[in-house]
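The chains referred to below are lettered A, B, ... by the order of the sequence lines, with proteins before strands, and numbering in each begins at 1. As a basis for the values below, the full set of heavy atoms in this structure was taken, side chains included, without hydrogen atoms, waters or symmetry mates. Values in this document were obtained by computation on a predicted structure and should not be read as measured data.
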There are 2 protein chains.
Amino acid sequence: MKQPAKRASQTQKKSRVAKARSRHPLPAATRRERVQSKEDAIIVAAHKSLTARGFTKTTMSEIARKAGVAEGTLYLYFNNKNALARAVLAAFYTRLTDTAKIGVAKCATTTEKLEFLARHHLESIIGERRLLELIASDVRNTEAYEGSDIYKMNREYVAVFDDVLRDGVWRGEIEDGAVQWIKRDIFFGSLEYSMRTLLMKKRSSKKDITAVVTELVKLLMGRADTRTEPVSNRDLIKAVERVDAAASRLERLSEAKT
Amino acid sequence: MKQPAKRASQTQKKSRVAKARSRHPLPAATRRERVQSKEDAIIVAAHKSLTARGFTKTTMSEIARKAGVAEGTLYLYFNNKNALARAVLAAFYTRLTDTAKIGVAKCATTTEKLEFLARHHLESIIGERRLLELIASDVRNTEAYEGSDIYKMNREYVAVFDDVLRDGVWRGEIEDGAVQWIKRDIFFGSLEYSMRTLLMKKRSSKKDITAVVTELVKLLMGRADTRTEPVSNRDLIKAVERVDAAASRLERLSEAKT
DNA sequence: TTTAACGACTGAGTGATATTCATCATATAT
DNA sequence: ATATATGATGAATATCACTCAGTCGTTAAA
């Protein structure tokens with residue numbers, strides 16, 4: 001409710017200044033940039049603590065110490081501990097979405113895209129598993145999650161998957177089965193649950209991740225790779241649908257030209 | 001490590017009680033019963049608060065008030081807030097496993113069993129969604145989750161699913177594909193993630209639950225039903241007609257251009 | 001019966017932690 | 001140079017999990 005607290009909702013802006021400003025803010029750029037870099041420092045410090053020790057075990061004084069500010073200062077930038085955690089989460093989602101988009105763009109087929117997304121998601125959440133706590137326990141349940149910043153960022157992130165899936169259906173590589181959101185839930189739900197299993201196995205190797213990823217994608221794709229098996233009616237229809245879809249693509253391409 | 005706190009493990013230990021009862025029939029029994037009913041009251045009160053307000057927002061004094069005991073008394077029965085939450089979770093798992101076993105026994109085919117298990121799980125966790133917080137955030141992460149009571153109860157619960165799946169493979173109703181634990185993760189992960197989606201939809205109907213359940217089971221079963229259908233001549237002709245039509249579209253398109 | 005021991009329970013007290021607020025410090029504007 | 005707004009501080013407050021010295025009633029020993 002205070003004036004400076006409103007700044008807390010801002011996101012990226014990378015101008016990183018020297019961090020030796022813990023005591024006497026002598027040199028530096030504009031006032032605005034100084035404030036921004038302090039906010040960044042707080043988020044970085046909070047991120048470190050949260051991923052290392054989890055939400056409940058992380059104390060505000062610990063974050064303040066790491067960030068080189070007083071405890072009260074934290075509350076100039078974020079209304080409370082939850083808001084600070086949400087800011088950390090927002091930064092995480094931004095990174096996640098960016099790398100996902102870049103990776104997908106490099107893939108050719110739908111299978112490759114899905115496998116990339118699955119592996120990317122799984123490895124990311126294994127690395128920052130503690131942040132998932134926040135989503136599950138504090139953030140998603142409290143108040144109106146829908147409409148919040150985190151909700152929007154989550155939508156943007158899963159939209160990457162949605163686009164790949166829709167495109168796959170459009171190109172005939174995936175059969176047009178269930179509603180989109182069900183497949184999305186299966187995708188992300190499986191990965192987040194698998195994370196727990198992998199973390200508990202004594203030696204969770206690269207191989208395990210690959211196994212999960214390929215199996216999941218195989219299921220979602222409808223097992224298009226069953227070559228040696230005899231032709232079923234369903235296979236036949238699927239094949240024709242792909243020809244159909246290809247023709248439609250050409251049609252639309254041609255229409256767009258004229 | 002106090003004397004009365006050891007009771008907190010509240011599993012069966014009836015033999016000792018029986019002996020004591022045979023020696024001193026009336027007084028020992030009543031005292032024991034009084035203690036037991038008080039423990040039950042505490043667990044019930046904790047369950048109410050936890051499911052209503054979640055772990056962090058539930059206070060020990062609130063539980064004590066609901067249970068009709070002093071705050072300190074809670075610590076005679078459970079070492080700390082986490083242990084109390086675990087006891088609540090243990091009771092939940094017991095109910096869940098029991099009803100799952102009973103329901104599966106009534107089903108004939110593997111598909112029916114899986115669909116029952118999926119619906120049962122989904123409806124249960126929607127009803128007691130706050131308890132999942134405990135599993136994800138506090139219980140599973142702290143200390144040695146593996147080897148704990150909750151871990152064992154979880155194993156016993158998912159074993160119901162494992163048995164159904166193994167049986168399905170054995171009977172040839174499911175193809176022998178990936179490792180068992182991957183399919184298990186896909187099953188429970190999808191359902192728990194779907195729960196969140198369903199809870200957020202304005203009107204999450206019975207229909208949505210059914211859609212999730214059938215789609216998930218369909219994926220896991222590998223569509224063994226449609227795969228075995230032979231191709232009929234009529235199917236083939238219809239398919240070729242579609243390819244023909246697609247070709248015609250392209251022809252017309254090409255003519256229109258020139 | 002008297003009395004000592006015991007088991008069950010209590011609630012004021014303790015320490016830790018999130019959050020507030022009166023106060024101070026610096027930079028920019030006048 | 002002075003004033004004002006902006007930013008920062010940390011002691012004080014409130015809340016909560018958890019402790020412990022002590023109460024009360026029952027049982028067993030005297």
Quiz prompt | Value in whole Å for how far the C1' atom of C/dT19 lies from CG of A/L84 | solution = 13 Å
Exercise. Starting from P on C/dT26, measure out to NZ on A/K38 and report it in whole angstrom.
Key: 12 Å
Self-check item: For A/N80, all residues meeting side-chain hydrogen bond (donor to acceptor under 3.5 Å, both in side chains), sequence neighbours excluded
Solution: none
Quiz item: For the atom pair CD1 (A/I135) and OH (A/Y93), what is the distance rounded to the nearest 0.5 Å?
Solution: 3.5 Å
Exercise. Over all heavy atoms of both residues, which pair between B/T56 and B/K81 is shortest? Give the atoms and the distance, please.
Key: O-NZ, 4.0 Å
For nucleotides 13-17 of chain D, which of its nitrogen or oxygen atoms have a protein nitrogen or oxygen under 3.5 Å away, and what is each distance?
from   : atom 1 : to    : atom 2 : distance (Å)
D/dA17 : OP1    : B/T58 : O      : 3.2
D/dA17 : OP1    : B/K81 : NZ     : 2.9
D/dA17 : OP2    : B/M60 : N      : 2.9

Quiz prompt | Length of the OH-C1' vector between A/Y77 and D/dT9, whole Å | solution = 13 Å
Quiz item: To the nearest angstrom, how far is B/R65 atom CZ from C/dG11 atom C1'?
Solution: 15 Å
Quiz item: Should A/D185 and B/T197 be marked as a side-chain hydrogen bond (donor to acceptor under 3.5 Å, both in side chains) after you check the CA-CA gap, both sets of side-chain angles, and the distance that decides it?
Solution: CA-CA 8 Å; A/D185 286 352; B/T197 306; 3.0 Å; yes
Exercise. Can you pull out how bent the helix from C/dT1-D/dA30 to C/dT30-D/dA1 is, comparing the axes over its first five and last five pairs, to 10°?
Key: 30°
Quiz item: salt bridge (charged side-chain N to carboxylate O under 4.0 Å, His left out) with A/R155: which residues, sequence neighbours excluded?
Solution: none
Self-check item: Shortest non-hydrogen contact between A/H120 and A/L96, atoms and distance
Solution: CE1-O, 3.3 Å
Quiz item: Roughly, in whole Å, what's the span from CG in B/N82 to C1' in D/dC18?
Solution: 13 Å
Quiz item: Once you round it to whole Å, what is the distance between P of C/dC21 and CG of A/L74?
Solution: 17 Å
Quiz prompt | salt bridge (charged side-chain N to carboxylate O under 4.0 Å, His left out) against B/E123, all qualifying residues, sequence neighbours excluded | solution = B/R119, B/K206
Quiz prompt | Interatomic distance where CG belongs to A/L76 and C1' belongs to D/dG10 [whole Å] | solution = 12 Å
Quiz item: Can you list the residues that meet the salt bridge (charged side-chain N to carboxylate O under 4.0 Å, His left out) rule with B/K48, with sequence neighbours excluded?
Solution: none
